[in-house]
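Here is the structure we will look at, set down as structure tokens.
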Amino acid sequence: MNVSRTIESTFSDRQRETMTAIVLEENRTAAVLAIGTANPANCVLQDDFPDWYFRVTRSDHLATLKAKMKRICEKSGVRKRHFHHTEEMIGSHPEFLDRALPSLGARLRITDDAVPELAAAAAAKAIAEWGRPAADITHLVVSTNSGAGAPGPDLRLAALLGLRPTVQRTVLHLHGCSAGTAALRVAKDLAENGGGGGARVLVVSVDANVIGLRAPDEAHLDALVVNSIFGDGAGAVIVGAGPMVAAVERPVFHMVAAAQATLPGTERVAVMRAGESGLHYGLGTELPAMVRGSIERCLVEVVAPLGLAGGGGGGGGWNWNSFFWAMHPGGRAILDSYEAALGLGPEKLAASRHVLSEYGNVLGATVIFVLDELRRRRRGGGADCEWGVMVAVGPGITIETMVLRASGSRDEP
Ligand SMILES: CCCCCCCCCCCCCCCCCC(=O)SCCNC(=O)CCNC(=O)[C@H](O)C(C)(C)COP(=O)(O)OP(=O)(O)OC[C@H]1O[C@@H](n2cnc3c(N)ncnc32)[C@H](O)[C@@H]1OP(=O)(O)O
């Protein structure tokens with residue numbers, strides 16, 4: 001597809017001017033250059049999950065809770081998930097099942113190995129696709145909710161991948177489901193402004209939820225939801241700006257603009273806190289409605305200054321169907337909220353729904369899985385828009401957004 005023709009036919013005069021300027025700026029704008037993902041081998045089908053979970057947590061006597069989890073699983077939009085933890089591992093750690101027992105140390109000893117190894121599996125795929133040696137990586141940004149220690153998973157990952165000793169490392173802890181998008185925002189900044197040009201940033205978002213796994217409990221019904229939708233995985237991206245190495249590097253998505261918005265008065269809706277018995281969390285039932293009520297305002301703030309949205313189409317008078325969407329699938333109801341608030345056609349969130357179905361919510365890594373799925377669909381000939389937006393919601397409530405421009409479907413010089 002020719003980008004000039006797309007701009008010509010779809011947008012107004014002012015939008016055309018801004019978008020053409022962005023196209024000209026492209027060389028200085030950070031881009032996703034390669035993507036890799038990985039999951040642990042242990043795979044549990046969602047239809048089997050309530051039986052598996054109540055058996056491994058020795059909770060089969062809690063029949064009402066089990067029936068509730070079955071209802072949640074049926075409505076979750078999830079088909080299967082992958083976990084680092086296994087029935088055997090949980091069996092050898094009875095302290096994981098009892099909130100009164102200290103277990104943080106034992107959990108961290110597991111994640112200390114699992115997190116960098118899972119991260120390395122995803123990163124190795126991204127580096128292989130990128131086509132340059134690992135030693136050419138100048139910056140490393142790791143985001144995770146599954147660890148607490150220094151040196152952290154970044155150092156072990158750097159050693160596993162053979163990164164240079166001068167690689168500049170940054171770790172983002174406990175950004176919840178927005179961890180991947182936050183890491184990509186940081187990487188965009190580093191690639192565009194750090195390293196004196198030619199920076200190449202490896203971003204890895206990774207989680208192993210054994211850090212917060214617990215037995216079902218009448219006093220914590222949100223834990224039934226969390227246990228029904230979250231899974232383990234790692235997503236890796238190589239981000240770069242400036243001149244590309246000819247015949248080797250090729251942008252997949254240009255990272256045009258990034259923003260973060262915090263919704264006032266929502267500090268208690270989604271929370272995470274490390275404690276003696278592992279990671280504690282709380283998830284309010286009002287989250288999907290909050291997303292529905294605020295997402296369009298956040299999007300307008302990031303998209304309107306670029307002159308990209310407005311006129312025609314669906315919700316609020318903005319033509320949101322003229323974008324492709326890399327929405328973090330926090331849960332099926334969150335995706336439904338995006339769809340309703342923005343008046344999106346059913347095909348617009350197909351990549352996000354597919355990732356939710358095949359992997360569950362793998363926290364920060366999920367958006368990287370969605371980017372991977374979006375480009376797979378584009379390469380397979382699936383028609384989609386040139387311009388898109390990545391969105392993820394994390395504790396805060398924090399809404400991270402990034403405007404993307406796909407380059408794979410246009411004529412490259
Ligand atoms: C694998 C190991 C995991 C270990 C944990 C590891 C640590 C992970 C850390 C996670 C921390 C999370 C917090 C921080 C992150 C925030 C950022 C996010 O995006 S976070 C992710 C954001 N994701 C979300 O927030 C999930 C969004 N929610 C959904 O996708 C859907 O509501 C649904 C699939 C859960 C149910 O489908 P839907 O069509 O709504 O169907 P119905 O209306 O029929 O409800 C069925 C039953 O579910 C009930 N119930 C529902 N919600 C809650 C709740 N919060 N509370 C309690 N109960 C809840 C409801 O009452 C009903 O009960 P019953 O009447 O049958 O007895």
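What you see below is based on every heavy atom in this structure, not just the backbone, and it leaves out hydrogens, waters and symmetry mates. Numbering starts at 1 and runs along the sequence shown. Atoms within each ligand, like the ligands themselves, are counted from 1 in listed order.
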Ligand 1 atoms nearer than 4.0 angstrom to some heavy atom of Arg332 are 30 (O), 37 (O), 38 (P), 39 (O)

Hits for side-chain hydrogen bond (donor to acceptor under 3.5 Å, both in side chains) against Trp130, two or more places apart or cross-chain, chain-then-number order -> Glu249

for atom 61 (O) of ligand 1, nearest protein heavy atom and its distance come out as Lys68 NZ, 3.9 Å

Counting heavy atoms under 4.0 Å, the part of Tyr281 that contacts ligand 1 is side chain

Numbered in order shown, the ligand 1 atoms found under 4.0 Å of a heavy atom of Phe83 are 1 (C)

Contact region, Asn361 to ligand 1, non-hydrogen atoms below 4.0 Å, reads side chain

Logged contact type for Thr285 with ligand 1, heavy-atom cut-off 4.0 Å, is both

Result for side-chain contact (heavy atoms from CB on, under 4.5 Å) between Lys348 and one of Tyr338, Phe323, Trp325, Trp320 points to Trp325

Test item: Ser228 and Val78 side chains (from C-beta on) under 4.5 Å apart, heavy atoms
no

When rounded to the nearest 0.5 Å, the distance separating CD1 of Ile127 from CD1 of Ile238 is 5.0 Å

Can a cation-pi geometry be assigned to Arg81 and Phe49, taking NZ or CZ under 6.0 Å from the six-membered ring centre and within 45° of the ring axis? yes

Honestly, for Met272 the part within reach of ligand 1 (heavy atoms, under 4.0 Å) is side chain

Item to complete: Report yes if some N/O of Gly330 lies less than 3.5 Å from some N/O of ligand 1; otherwise report no.
Response: yes

Whether Glu339 and Arg353 form a salt bridge (side-chain N of Lys/Arg under 4.0 Å from carboxylate O of Asp/Glu) is what I want to check.
yes

Here the atoms of ligand 1 under 4.0 Å from any heavy atom belonging to Leu287 are 22 (C), 25 (O)

Quick look: Val225 vs ligand 1, heavy-atom contacts under 4.0 Å, and the answer is side chain

Arg55 bridged to Asp51 by N-O distance under 4.0 Å:
no

Numbered in order shown, the ligand 1 atoms found under 4.0 Å of a heavy atom of Val393 are 17 (C), 18 (C), 19 (O)

Note: ligand 1 atoms sitting under 4.0 Å from heavy atoms of Asn209 are 2 (C), 3 (C), 4 (C), 6 (C), 7 (C), 8 (C)

Nearest heavy-atom contact between Arg214 and Arg107 is CG-NH2, 4.1 Å

